[in-house]
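Start at 1 and go down the list; that is how both ligands and their atoms are numbered. Both backbone and side-chain heavy atoms feed into the values below; hydrogens, waters and symmetry mates do not. Quick note: residue numbers are just sequence positions, from 1.
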Amino acid sequence: MLAPVWENRSVSDLLNAPFLASDTASDLFSEPKPSPASLLLMGKGIDLASERGVECDGALPRTSPRDIVERARAARAALGERAFILGHHYQRDEVIALADVTGDSFKLAREAAARPEAEFILFCGVHFMAESADILTSDFQKVILPDLAAGCSMADMANIEQVEAAWDDLIAAGIAEDTIPVTYMNSTAAIKAFTGRHGGTVCTSSNAEVALRWAFDQVGGVEGRGKVLFLPDQHLGRNTAALRLGISLDECVVYNPYRPNGGLTPEELKNARMILWRGHCSVHGRFSLRNVEEIRAKIPGVTVISHPECKHEVIAASDMVGSTEYIIKALEAAEPGSDWAIGTELNLVRRLAQEHPDKNVHYLDSTVCFCSTMNRIDLPHLTWAMEQILAGEVPNQITVDEDDARWARSALDQMLALPGL
Ligand code: 13P
Ligand code: SF4
């Protein structure tokens with residue numbers, strides 16, 4: 001995330017200001033012509049112990065110099081149908097402009113699976129999304145993440161050893177047999193594989209309700225006494241269970257992997273319906289109830305629309321809640337002149353403001369934050385990846401080991417087979 005920059009200003013205000021005060025257009029024009037060496041990029045190493053791939057210092061790469069745009073277009077044209085570029089909605093505009101398809105994590109997983117002819121899937125998103133694409137595509141296809149530092153801090157909050165230890169705690173409490181794991185797409189392939197091995201499903205923010213209903217159906221229904229272990233986003237799990245399934249907040253407990261037995265007594269585990277992993281999104285975690293109250297006081301009649309990764313009090317106070325794709329559709333259907341306060345990542349909110357000049361788009365938070373790891377993918381990284389492919393290399397390929405891939409696929413297939421999707 002960036003440090004607070006703009007206070008209480010509408011996105012239209014922000015759009016009229018130069019984007020990234022430290023990286024103004026004049027900086028771009030004064031840049032020396034980039035040599036190929038300028039495309040030797042951050043994030044080329046890999047640390048297998050981390051979802052993030054490599055250490056990420058949090059600094060945003062510079063806005064891309066102009067001639068990179070020409071190089072990017074040329075490389076894209078030369079690759080033709082050998083490559084398919086997927087762009088998550090949180091990507092920078094310069095990356096979205098080159099994407100063959102854009103979407104939320106659910107749509108992108110489907111799109112990756114629906115492109116058997118493309119030899120290279122260039123995934124402009126984060127590491128867990130690229131892993132899922134690798135699992136869903138055939139062996140001859142190669143999934144490329146243009147910058148290996150594009151991870152997800154939420155996915156990093158659960159590792160497989162911690163999750164296996166938590167499951168042992170559930171066995172010891174005598175409740176594992178009545179518990180179905182459901183993991184958010186924002187998790188490592190190893191955790192998706194754990195979920196598959198234990199008969200569970202993956203979900204995304206656009207199908208969490210259906211996934212939870214399905215999971216409870218495996219253990220006696222929502223009205224029964226069965227449980228769900230929800231990984232790794234406590235907020236998506238709590239919001240869906242409480243606001244869509246009618247499960248009480250008292251029946252939602254938080255399992256803290258850094259405390260013995262998750263910080264819960266065997267009794268608390270037994271009484272719970274939702275066992276929520278103690279994970280969250282560092283971007284969406286910044287929105288607060290105060291943000292909602294302030295914007296309502298400032299703009300009477302504003303519609304507050306938030307992503308379900310926000311805290312429960314924010315979601316409960318919002319008018320509409322949904323995935324990135326849902327938010328985009330809501331803005332498309334909105335009346336001209338209507339006011340919207342959007343609680344999700346800033347690249348997307350800025351783009352929505354640009355695309356809907358006839359509607360008043362406001363950012364819900366009074367501080368500006370991007371997802372810093374989504375922002376790691378920029379035009380130089382994407383151009384570098386495409387040029388490497390054209391030079392006969394396979395840069396930054398994301399692969400999942402065979403056993404994990406098999407079980408993770410079973411959990412992903414379960415998600416893709418959920419009713420009504
Ligand atoms: P969507 O599933 O809505 O695309 O969200 C993914 C994500 O990472 C949100 O933080
Ligand atoms: Fe992860 Fe949050 Fe970034 Fe989404 S916005 S990729 S959950 S850190």
For a distance cut-off of 3.5 Å, show me each N or O of ligand 1 paired with any protein N or O, plus the separation.
unit_1	atom_1	unit_2	atom_2	d
ligand 1	2 (O)	S105	OG	2.7
ligand 1	2 (O)	S205	OG	2.9
ligand 1	3 (O)	S205	OG	2.9
ligand 1	3 (O)	H307	NE2	2.9
ligand 1	3 (O)	T324	N	3.0
ligand 1	3 (O)	T324	OG1	3.2
ligand 1	4 (O)	H88	NE2	2.6
ligand 1	4 (O)	S105	N	3.0
ligand 1	4 (O)	T324	OG1	3.0
ligand 1	5 (O)	H307	NE2	3.3
ligand 1	8 (O)	N186	ND2	3.2
ligand 1	10 (O)	E309	OE1	2.8
ligand 1	10 (O)	E309	OE2	3.0

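At distances below 3.5 Å, at least one donor-acceptor pair connects side-chain atoms of Q91 with backbone N or O atoms of M374.
The shortest heavy-atom contact between W214 and G199 is CH2-O, 3.4 Å. When all heavy atoms of H362 and N360 are compared, the pair lying nearest together is CD2-O, 3.4 Å. Closest approach of V228 and A215 over heavy atoms only: CG2-CB, 3.8 Å. Between P308 and N239, the closest heavy-atom pair is O-ND2, 2.9 Å. Summarising the geometry of A155 relative to F128, their closest heavy-atom pair is CB-CD2, 4.3 Å, with the distance given to 0.1 Å.
Ion pairing between D339 and K298 fails under the 4.0 Å rule for side-chain N and carboxylate O.
Side chains of E325 and H89: a donor on one and an acceptor on the other come within 3.5 Å. T183 and T195 share no donor-acceptor pair across their side chains, judged by distance under 3.5 Å alone.
Residue contacts with ligand 2 do not include E345, since none of its heavy atoms lies under 4.0 Å from the ligand.
Distances from atom 1 (Fe) of ligand 2 under 2.8 Å pick out these protein N/O/S atoms: C152 SG.
With respect to Y90, the side chain to side chain donor-acceptor pair (under 3.5 Å) criterion is satisfied by exactly one of T344, D104, T373, T324: T344.
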